[in-house]
Amino acid sequence: MSLVIVFLKVRGHMTIKVAIIGSGPSGFYTADSLLKSGQDVEVDIIDRLPTPFGLIRGGVAPDHQKTKKVARAYEKTALNEKVQYFGNVDVGTNVTIEELRKTHDAVVLAVGAPTDRKLGIPGDDKIGVFGSADFVGWYNGHPDFTNLDPNLDVSSVAIVGVGNVAIDAARVLVKTPAEMAETDIAEHASVAVQKSPLTDVYMFGRRGPIEAKFTNVELREMGKLENCLPVIDPNQLPESVTGDWSERDQRLKERNLATMREFLEVEPTNKGKKVHFKFFANPVEVLGDEKVEGLKVEKTLVEGGRAIGTGEFYTIDCGLVVAAIGYYSIPIEGVPFDLNNGIVIHDDGRVEDGVYAVGWIKRGPTGVIGTNKPDGEIAAKQILEDINSSTKAGRNELNSLLAERNVRIVNYEDWQKIEKAEVAAAIGQAPRKKFVNIQDMLAVLD
Ligand code: NAP
């Protein structure tokens with residue numbers, strides 16, 4: 001056998017090099033599925049932040065620590081010898097997708113949906129209107145939103161949307177310091193919430209209680225708060241759940257309706273705060289001069305599942321508006337993007353030769369953490385079906401490129417040091433005190 005053939009045969013069995021952009025759930029489930037395939041793989045997980053885990057750290061509410069524990073499984077993946085974490089590496093700035101396509105056999109887009117869908121109503125640019133990605137990022141200590149500085153010196157807040165993010169934001173605003181003691185809410189947010197004279201949070205659903213997107217566990221929590229009452233207009237609750245729902249949705253909606261009925265029976269107490277669920281109310285204008293002073297909504301009817309305006313309006317006074325109406329992905333240079341749906345253009349996750357998509361950039365911003373698992377399994381399967389030999393240098397070349405550009409890579413060990421410092425700085429029962437800017441994280445490593 002000639003040397004060339006031997007060489008090609010050896011190359012044919014070489015390790016498949018995969019770069020995953022994004023270290024949230026969809027990225028980690030893809031890495032895990034690649035490892036579990038038993039194939040010879042080298043997986044590089046790249047994140048623009050020094051800190052891994054995406055929405056687990058920056059999106060899941062700080063008082064949902066149990067949910068955040070899923071990161072322990074991701075840690076196992078990160079510590080696998082075939083995996084390397086490249087934190088603090090911004091794809092687009094420090095290295096391009098085109099370069100990654102040259103260094104790696106497969107590139108997986110696991111970048112999520114980091115921005116907000118816009119309200120798109122008059123006044124939505126006033127001071128005091130925030131999208132939930134920014135607002136949630138702010139209270140979760142995401143470095144991009146540390147300086148958001150929403151003015152919580154207000155007595156009422158309007159939240160647009162009746163999904164789980166809306167509920168999260170409402171809950172964080174009304175919980176007592178004791179209820180937040182075991183959380184890792186960012187210190188700046190904790191101080192602002194504790195000082196706030198807030199008494200009323202209004203949550204607006206443009207459709208009815210049956211169409212609300214929140215899940216039952218999250219809704220029930222609103223009835224168990226120390227110093228806050230959920231308030232619902234009994235006339236907005238139907239007798240029963242009608243409509244063409246799947247069996248699963250029917251059950252969920254019945255549970256939600258039962259929970260909302262229980263809210264009606266809660267005796268008025270001396271609780272200081274209220275969360276008002278306002279259904280059949282479509283926000284049409286943010287009122288005020290420069291700053292938010294109120295929200296004008298149109299009453300609606302639901303016909304065929306759609307909210308139809310009735311031409312009747314009312315307003316509520318509020319000093320802050322949080323639009324929790326869904327997230328939106330950012331188009332990636334050089335990758336085909338469907339602007340209407342806010343996702344990359346793909347065929348069940350295959351985007352282009354050697355490029356794959358998982359998670360919210362593939363499906364749009366829906367589903368829970370576990371919904372990302374099948375995405376990862378599919379992507380791993382496709383990669384290993386499409387690519388059976390490697391011609392790429394992978395990690396070594398990526399390391400060289402980043403070294404040439406003086407990029408301070410934060411590897412997993414570095415992250416563990418940052419995490420240790422956060423845990424050491426925790427106050428009281430809090431699990432950690434988060435660093436809220438990148439310089440402070442990197443300073444731990446110097
Ligand atoms: P979501 O579940 O899609 O809810 C969005 C809400 O905004 C809906 O009530 C929607 O009403 C409303 N909306 C959309 N556009 C609007 C507009 N222009 N004007 C007024 N209202 C509008 O989105 P999300 O709350 O951002 O959550 C994203 C995903 O993360 C969901 O799958 C959610 O379950 C998940 N999540 C889960 C948890 C948890 O498990 N604890 C926590 C947070 C997030 P329509 O229904 O009428 O469109």
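The structure displayed is predicted, hence computed values, not measured ones. Atoms within a ligand are numbered from 1 in the order they appear, just like the ligands themselves. Hydrogens, waters and symmetry mates are skipped; everything else that's a heavy atom, side chains included, is used.
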Legend entry - cation_pi(K278, Y202) dist<6.0 Å, angle<=45: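 Judged by the rule (NZ or CZ under 6.0 Å from the ring centre, within 45° of its axis), K278 is not positioned above Y202.
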Find all atoms of ligand 1 within a distance of less than 4.0 Å from any non-hydrogen atom belonging to [X], and give their numbers and elements.
X    : answer
T366 : 32 (O)
R207 : 45 (P), 46 (O), 47 (O)
A324 : 5 (C), 6 (C), 7 (O)
G326 : 26 (O)

Among all protein heavy atoms in this structure, tell me which lies nearest to [atom], with the distance rounded to 0.1 Å.
atom                    : result
atom 4 (O) of ligand 1  : G163 CA, 3.7 Å
atom 29 (C) of ligand 1 : P365 O, 3.7 Å
atom 12 (C) of ligand 1 : G161 CA, 3.9 Å
atom 27 (O) of ligand 1 : V165 CG2, 3.6 Å
atom 22 (C) of ligand 1 : I325 CG2, 3.4 Å
atom 8 (C) of ligand 1  : K213 CG, 3.8 Å
atom 18 (N) of ligand 1 : R206 NH1, 3.5 Å

Inset, instruction - I would like to know whether T215 and N164 meet side-chain hydrogen bond (donor to acceptor under 3.5 Å, both in side chains); could you show each step before the answer? - result: CA-CA 7 Å; T215 40; N164 280 330; 3.0 Å; yes
Inset, instruction - Hey, could you give me the CG/NZ distance between L229 and K271, rounded to the nearest 0.5 Å? - result: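 Rounded to the nearest 0.5 Å, the CG-NZ separation comes to 5.5 Å.
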Any N or O of [X] that comes nearer than 3.5 Å to an N or O of ligand 1?
X    : answer
E211 : no
E218 : yes
N164 : yes
G367 : yes
H64  : no
V162 : yes

Inset, instruction - Could you tell me which non-hydrogen atom of I325 sits nearest to which non-hydrogen atom of K118, and how far apart they are? - result: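 Heavy-atom minimum between the residues: CD1-O, 3.6 Å.
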For ligand 1, the portion of [X] having any non-hydrogen atom under 4.0 Å away:
X    : result
W360 : side chain
A212 : neither
A61  : neither
V160 : side chain

Inset, instruction - Report yes or no: do N216 and T259 form a side-chain donor-acceptor pair below 3.5 Å? - result: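 The answer is yes; a qualifying pair exists.
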Legend entry - Side-chain donor-acceptor contact under 3.5 Å, N411 with Q84: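 No, Q84 and N411 have no side-chain donor paired with an acceptor closer than 3.5 Å.
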Inset, instruction - Please confirm whether Y74 and Y29 have ring centers closer than 6.0 angstrom. - result: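 For Y74 and Y29, the ring centres are under 6.0 Å apart.
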Inset, instruction - For this output row, return yes or no: ring centroids of W360 and Y327 closer than 6.0 angstrom. - result: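 Centroid distance W360-Y327: below 6.0 Å, so yes.
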Inset, instruction - Evaluate whether atom CD of E290 has more than 12 neighbouring non-hydrogen atoms of other residues, nucleotides or ligands under 6.0 angstrom away. - result: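 No, the 6.0 Å shell around CD holds no more than 12 heavy atoms from other groups.
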Inset, instruction - Take atom NZ of K273 as the centre, draw a 6.0 Å sphere, and report whether it contains more than 12 heavy atoms from other residues, nucleotides or ligands. - result: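 Check passes, neighbour count above 12.
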Legend entry - Contact check, D168 vs ligand 1, heavy-atom distance below 4.0 Å: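 Yes, D168 has a heavy atom closer than 4.0 Å to ligand 1.
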Between [X] and [Y], does any side-chain N to carboxylate O distance fall below 4.0 Å?
X    : Y    : value
D249 : K253 : no
D144 : R48  : yes
K362 : D348 : yes
E75  : R72  : no

Legend entry - Any protein heavy atom < 4.0 Å from atom 35 (C) of ligand 1: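 It does: a protein heavy atom is found less than 4.0 Å away from atom 35 (C) of ligand 1.
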